[in-house]
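Atoms considered below: every heavy atom in the structure, side chains included; atoms not considered: hydrogens, waters and symmetry mates.
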Amino acid sequence: MKKNIVVIAGGNSSEYEVSIKSGNHIYAEIDGERYNKCLMFLKGRDWQVEYAGKKYVVDKNDFSFVQEGEKITFDYAYITIHGNPGENGMLQGYLDMMGIPYSTCSTLCEALTFDKYTCTNYLQGFGIPTTNPIILFRGKQYDREAILKAVGLPCFVKPNAEGSSFGVSKVKTAEALDEALNKAFEKCPEVLVEAFIDGIEFTCGLYKAKGKKVVFPVAEIVPKKEFFDYDAKYDAKLSDEIIPGRFSEDVTEKIQEMTSEIYDILRCEGIIRVDGFVRGKEVVMLEVNTTPGMTANSFIPKMVKAMGRQLKDILTEIIEEKL
């Protein structure tokens with residue numbers, strides 16, 4: 001019998017709409033001849049499954065739904081929620097209690113990587129070069145001069161636990177810092193301030209399944225705006241994404257090795273994506289994405305295409321790894 005696969009999209013963050021697009025794309029790519037598949041939309045306490053053209057309320061007691069009097073349960077969940085609760089470990093913890101395998105990292109890994117400051121400091125302990133951010137807390141006073149002395153100008157201000165570049169600002173003057181912090185604090189009670197890295201931005205995807213490691217081609221990002229913000233991520237006209245990037249063989253290998261090392265250090269599962277900068281021959285990690293975007297304009301599908309592989313086959317490998 002075919003296994004029942006549910007793709008979970010939506011969530012409670014600013015990335016809700018992006019997650020829906022990712023979910024639709026993944027749903028379309030999952031092998032329908034191999035699996036029974038359906039799409040679930042989650043927002044707050046409203047969990048609904050779309051199946052055979054109709055929507056059904058999810059029973060959270062056992063993660064099931066009833067169709068024409070028949071209870072349908074799931075054998076596997078493919079999580080494509082960007083942000084809370086799919087990228088911070090909450091949904092993973094629930095599925096663990098339900099005994100349902102899923103596509104992403106564990107609860108611990110998700111919680112760790114969602115908190116950028118904690119993840120950065122954890123990886124520094126293993127020798128991974130990072131941006132050394134400063135963390136500030138909403139409602140607590142800060143010393144503007146001390147911050148700018150530590151990170152310099154220009155610098156970046158961003159929410160500590162929010163994705164897709166929401167609330168991010170590039171600060172060029174000391175006077176602009178307060179406004180940038182207020183903007184970021186609207187998204188998250190904890191905010192990071194980090195030094196500007198004058199280098200070339202990259203991103204690299206990876207997954208490990210069935211005893212093999214598959215590192216995707218490294219992408220080079222050339223934003224046409226001030227920096228690679230939310231608009232540039234999801235509007236192809238606002239950035240050039242070169243896959244594979246124009247890096248030397250040595251630098252490319254260094255990026256891929258660092259991505260693989262981070263995967264192992266954090267005990268990741270499924271597909272992840274590591275973002276960072278190349279400065280000369282130095283490779284610096286910016287952040288780790290454990291549920292990377294999977295829209296048609298997202299990096300992972302483009303990397304898969306550049307490899308000459310089919311996304312459907314990769315999704316099957318990831319699903320079968322835990323089934």
Side-chain angles (χ1 to χ4, degrees), residues 7-30 39-43 77-88 91 102-105 110 113-114 116 119 158-159 161-168 187 201-207 214-223 225 227-243 245 259 262-263 268-276 285-307 309-312 314-315 318:
V7 178
I8 309 177
N12 307 320
S13 77
S14 306
E15 299 176 87
Y16 179 86
E17 294 300 333
V18 176
S19 173
I20 296 299
K21 291 179 181 178
S22 289
N24 282 318
H25 192 214
I26 289 174
Y27 174 82
E29 290 289 338
I30 286 177
L39 189 56
M40 174 181 159
F41 302 99
L42 182 157
K43 192 171 183 65
Y78 200 106
I79 301 171
T80 183
I81 290 178
H82 314 310
N84 175 28
E87 205 167 11
N88 60 1
L91 184 55
Y102 47 83
S103 58
T104 66
C105 308
E110 293 291 341
T113 53
F114 191 64
K116 296 183 181 73
C119 184
K158 64 173 67 171
E162 181 72 38
S164 278
S165 300
F166 285 106
V168 179
K187 296 292 183 183
E201 193 166 357
F202 74 83
T203 187
C204 181
L206 166 74
Y207 74 95
V214 179
V215 186
F216 300 146
V218 178
E220 177 186 349
I221 305 166
V222 185
K225 301 182 69 178
F227 62 96
F228 195 58
D229 63 3
Y230 174 82
D231 293 331
K233 281 185 178 182
Y234 297 105
D235 187 338
K237 298 188 293 292
L238 297 179
S239 66
D240 290 328
E241 298 166 4
I242 303 164
I243 306 173
T259 301
I262 288 171
Y263 195 103
C268 293
E269 298 169 59
I271 298 174
I272 72 159
R273 207 188 72 227
V274 172
D275 302 338
M285 186 212 78
L286 184 62
E287 61 182 64
V288 180
N289 300 279
T290 55
T291 58
M294 294 291 278
T295 71
N297 194 48
S298 296
F299 282 109
I300 296 298
K302 290 179 179 178
M303 291 172 179
V304 171
K305 186 176 181 180
M307 293 174 72
R309 292 198 60 186
Q310 298 295 317
L311 183 58
K312 179 178 75 173
I314 289 175
L315 295 177
I318 290 168

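- Taking CD1 of I262 as the start and CZ of R273 as the end, the distance is 12.5 Å to the nearest 0.5 Å.
- Between the CD1 atom of I318 and the OH atom of Y207 there is a distance of 6.5 Å, given to the nearest 0.5 Å.
- Without hydrogens or angle criteria, S13 side chain to H82 main chain gives a donor-acceptor distance under 3.5 Å.
- Around the NZ atom of K43, the shell of radius 6.0 Å holds more than 12 heavy atoms that belong to other residues, nucleotides or ligands.
- Here the shortest heavy-atom pairing between F202 and V274 reads CE1-O, 3.9 Å.
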Subject >> CA sep, side-chain torsions, deciding dist, call: E29, V304, side chain to side chain contact (heavy atoms under 4.5 Å, CB included) >> reply: CA-CA 12 Å; E29 290 289 338; V304 171; over 6 Å; no

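- With 3.5 Å as the limit, one finds no donor-acceptor pair spanning the side chains of S19 and S22.
- For the pair S298 (side chain) and I300 (backbone), a donor-acceptor distance under 3.5 Å is absent.
- The closest side-chain heavy-atom distance from T290 to T104 is not below 4.5 Å.
- Contact annotation: the side chain of M303 never approaches that of I271 to less than 4.5 Å [non-hydrogen atoms, C-beta and beyond].
- Without hydrogens or angle criteria, T291 side chain to I81 main chain gives a donor-acceptor distance under 3.5 Å.
- Residues T295 and V18 come closest through the heavy atom pair CG2-O, 3.8 Å.
- Across every non-hydrogen atom of K302 and I243, the tightest pair is CB-CD1, 3.6 Å.
- Of all heavy-atom pairs between P85 and G11, the closest is CD-CA, 3.9 Å.
- To the nearest 0.5 Å, atoms OG1 (T80) and CE (M294) are separated by 7.0 Å.
- Between F216 and M307, the shortest heavy-atom contact is CD2-SD, 3.1 Å.
- Nearest heavy atoms, C105 versus E110: N-OE2, 3.2 Å.
- Here the CG-CZ distance, from N84 to F114, works out to 6.5 Å after rounding to the nearest 0.5 Å.
- Atoms CG and CG, from D275 and N289 in turn, are 5.0 Å apart once rounded to the nearest 0.5 Å.
- Between the OH atom of Y78 and the CD1 atom of I26 there is a distance of 4.5 Å, given to the nearest 0.5 Å.
- Using modelled atom types, one side-chain atom of S103 and one backbone atom of I79 make a donor-acceptor pair closer than 3.5 Å.
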